[in-house]
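For reference, the structure discussed in these notes is given below.
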Number of protein chains: 2
Amino acid sequence: MRERANRTTIRRVAREAGVSVTTVSNYLNGRHSQMSAATRERVREAIERLGYHPNHVARSLATRRTATIGLIISELTNALYPPVILGAEAACRQAQYSLLLANAPDAGSERRAVELMRRKQVDGLILFSVSFIDIANDHLLRAHEEGVPIVVINRTMPEGAPIPRVVLDNFRGAYLATRHLVELGHRRIAHIAGPSNRFTGLDRRAGYLAALAEAGLESDPRLVVEGDYSFESGYQGMRTLLDHRPSAVFVGGDAMALGALRAIRDSGLRVPDDLSLVAFGNPDFVHYATPALTTVDLPIVEAGQIAVELLLERIAVPETPEETRVLQPGLLVRESAIPLA
Amino acid sequence: MRERANRTTIRRVAREAGVSVTTVSNYLNGRHSQMSAATRERVREAIERLGYHPNHVARSLATRRTATIGLIISELTNALYPPVILGAEAACRQAQYSLLLANAPDAGSERRAVELMRRKQVDGLILFSVSFIDIANDHLLRAHEEGVPIVVINRTMPEGAPIPRVVLDNFRGAYLATRHLVELGHRRIAHIAGPSNRFTGLDRRAGYLAALAEAGLESDPRLVVEGDYSFESGYQGMRTLLDHRPSAVFVGGDAMALGALRAIRDSGLRVPDDLSLVAFGNPDFVHYATPALTTVDLPIVEAGQIAVELLLERIAVPETPEETRVLQPGLLVRESAIPLA
DNA sequence: TAGGATATCTGTACCGGTTTAGTGAAACGG
DNA sequence: CCGTTTCACTAAACCGGTACAGATATCCTA
């Protein structure tokens, strides 16, 4: 390891092939047109013989492009992050980009992650954020201003912020879930809401209320409790709700739904016979529960993919205007919600 | 964007501070000792005034170190990969390294991923593999020979291969699970095994048999069925097993365990009252099932962390000898296995 | 046959850091 | 008082690519 292996660089290849480095560089970058067939073959052969592979770091320094994008994830209890990675990684790979991943559990580490990735010269940044409504954005706006393409997923931004976003239509999803229960004949429909300092919590609650209103159902405040997206808060919330005898419940989060399911079981009732339940979140997560939970299906893999696509557009054409992409959730009807007896 | 913003480089900082670039470089790299307090302060101030941040790509080119490691994951049905990422990312971040992530669903894409990351000059590579016993390793051995530090998690390697590995003791985990059932008084203990072209499947099956043998129980071949780690294969496997009336079943995978649970329910039996069940895999995944499944707990987050640690050791001291780190699983006793009535 | 086009290829300055070898002045030691 | 160290600092080569601005040779055209 000590002795310098006299690495094979583009200059060595050039010498071996008896051409200039420019010619080798042209060959590597597919500018075959201005090259005779003979030269092309000699370069190819020299590369082959030396087992040469170009150094991306050097290339990046010269071109100022790294073909790498940064994905910063603030996860905290977030079962949604693996599908986002999946979607983003697939889209990157397809476009011949690499993914630099960082976890940013708090505001400070998010700042550090953005800073580090900028120094590493990523071509763009994606932030998949936790849905707090009072999240800090100044570092993102600054980075944007200094020319770093950014896309955010699931994040509140000040009105008119010039940063493209991918958002999931939480309102609509909650509306669909609740309407489904209405259509099954339920009238006393409860809701376990997410925290009110999260826009996901607020939007889903609003969607729930809208569906009730549309159906001409009065909303009983005692039928809404607030959780924190944890299994335990779902369990506790459901225990509280059971006192007020709902016939169905829309739970605004997947872990909470499993908690609610458990609470219902523990009180001797059965889903869906005694009580219908609709969940919200990662559809895989609740698929294998018993009974399989009817759930709002968030297109999370797509969110990751689309975020990458939006970003790549901005990288290619920096002037591309800001844009908000709203992804529509679906409803996966499974076994946990049935018509009111 | 067109006009060149005359970026702030180390040379600009040097000019601004009235010192040489070497001095600025020394300052940046903490070689404060050979610098007068006055100079130090002038450099600090110039950096501050210009808002200078060093370019990591240029640094990497010069030092041949990128402070980045590559994590290549072959996932295919693998619910274990998010915790690995979690552990690896945390260990990286702590050591001031970044994580370059790639998905490699098949052998070809694994080769390409390794190649790409080598060109991007990662300081080392971690492969988290699917457990096929006949996996190709030549590209890893070659990379290793050419000086790229590599660590593999959960991968078979030829005897004596000089590549450090992190392995989970599947045999031991299966043994613990089965012994637990034996100790609860069960005698007809069935097993839903993983595929026999995966060492996880083979090792777990062996651990199961060993525990039976130790307890002096005869192993009835009809009480062992083979699945493919999917929910459906667990469901089908359990249906087959029910014909032979086991009092307990050890299921060698988490998704299969949920499938088995469903099959048991569907046939009108209850867990754990009529049949005890122990699962194996990602403990979170089966925690919220009803009943909460007793399961073998694989230390997957740790596997990611330790892989990074092993790798960083090799990066720091390339001659560090090969080493296999065997991680011991635990048994999480929850509700799905009870004493034989 | 001069003058331009075209095709093919090259020399070298960059990208923005690190690092080696070395300079000049002050401090030290006998 | 002179040679040696130490201290604080610098000039310039280097990492390994890209790309601009030509250089030649060949061909075409008027």
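All figures in this text were calculated on a predicted structure; none of them were measured in a lab. First the proteins, then the strands, lettered A, B, ... as listed; each starts at 1.
- Counting distance only, with no hydrogens placed and no angle test, the side-chain atoms of B/Arg59 and the base atoms of C/dG16 include no donor-acceptor pair under 3.5 Å.
- Side-chain nitrogen and oxygen atoms of B/Arg64 include at least one within less than 4.0 Å of the OP1 or OP2 phosphate oxygen of D/dG16.
- Five base pairs at each end of the helix from C/dT1-D/dA30 to C/dG30-D/dC1 define two local axes, and these are offset by 50° (rounded to 10°).
- Within the 4.0 Å cut-off from OP1 or OP2 of D/dA19, not a single side-chain nitrogen or oxygen of A/Thr63 is found.
- When the C1' atom of C/dT10 is taken as reference, atom CZ of A/Arg15 falls 16 Å away, rounded to whole Å.
- Closest approach to the B/Thr39 side chain among D/dC9, C/dG17, D/dT18 is made by D/dC9 (side chain taken as heavy atoms from C-beta onward).
- Rounded to whole Å, the distance from CZ on B/Arg11 to P on C/dC15 is 8 Å.
- The residue B/Tyr27 sits apart from the nucleic acid: no heavy atom pair falls under 4.0 Å.
- For B/Ser36, whose side chain is taken as the heavy atoms from C-beta onward, the closest listed nucleotide among D/dA8, C/dT8, D/dT18 is D/dA8.
- At a threshold of 4.0 angstrom between heavy atoms, the contacts of A/Ser60 with the nucleic acid are absent.
- At a cut-off of 3.5 angstrom, the base of D/dA19 holds at least one donor-acceptor pair with the side chain of A/Thr22.
- A donor-acceptor distance shorter than 3.5 angstrom exists from the side chain of B/Asn55 to the backbone of B/Ala58, with no hydrogens or angles considered.
- Put simply, CG on B/Leu61 is 17 Å from P on C/dC14, counting in whole angstrom units.
- For A/Arg31, a side-chain nitrogen or oxygen approaches OP1 or OP2 of D/dA19 to under 4.0 Å.
- The structure places NZ of B/Lys120 at 12.5 Å from OG of B/Ser60, a figure rounded to the nearest 0.5 Å.
- In this structure, A/Pro321 has no side chain to side chain contact (heavy atoms under 4.5 Å, CB included) partners at least two apart in sequence or on a different chain.
- The closest side-chain donor-acceptor pair between B/Glu115 and B/His139, if any, does not fall under 3.5 angstrom.
- Remark on DNA chain C: of its neighbouring residues A/Val21 and A/Met35, the 5'-side contact belongs to A/Met35, judged by nearest-heavy-atom nucleotide.
- Look at NE2 on A/His32: it is 17 Å from C1' on C/dA7, rounded to the nearest Å.
- For A/Ser20 and C/dT10, the shortest distance from a side-chain N or O to OP1 or OP2 is below 4.0 Å.
- Residue A/Asn29 places at least one side-chain N or O closer than 4.0 Å to OP1 or OP2 of D/dT18.
- The distance between atom CD of B/Gln34 and atom P of D/dT10, rounded to the nearest whole Å, is 12 Å.
- Atom CZ in B/Arg65 sits about 11 Å away from atom P in C/dT18, given to the nearest Å.
- Between B/Thr23 and D/dT10, a side-chain N or O to OP1/OP2 separation shorter than 4.0 Å is present.
- The CG atom of B/Asn26 sits 10 Å away from the C1' atom of D/dT10 (whole-angstrom rounding).
- Each of A/Val57 and B/Arg40 was matched to the nucleotide of DNA chain D holding its nearest heavy atom; the match closer to the 5' end belongs to B/Arg40.
- Looking at B/Thr63, its side chain does come within 3.5 Å of a backbone N or O of B/Arg65 through a donor-acceptor pair.
- Backbone-only engagement by B/Val19 is indicated by non-hydrogen atom pairs under 4.0 Å involving sugar-phosphate atoms exclusively.
- Side-chain atoms of B/Asn154 and B/Arg165 form no donor-acceptor pair, as typed in the model, at a separation below 3.5 Å.
- The number of heavy atoms from other shown groups lying within 6.0 Å of CD (A/Gln94) does not exceed 12.
- Of the listed nucleotides (C/dG17, D/dG17, C/dG16), C/dG17 has the atom at the smallest distance from the side chain of B/Pro54.
- Atoms CG and OG1, on B/Asp123 and B/Thr66 in that order, are 3.5 Å from each other to the nearest 0.5 Å.
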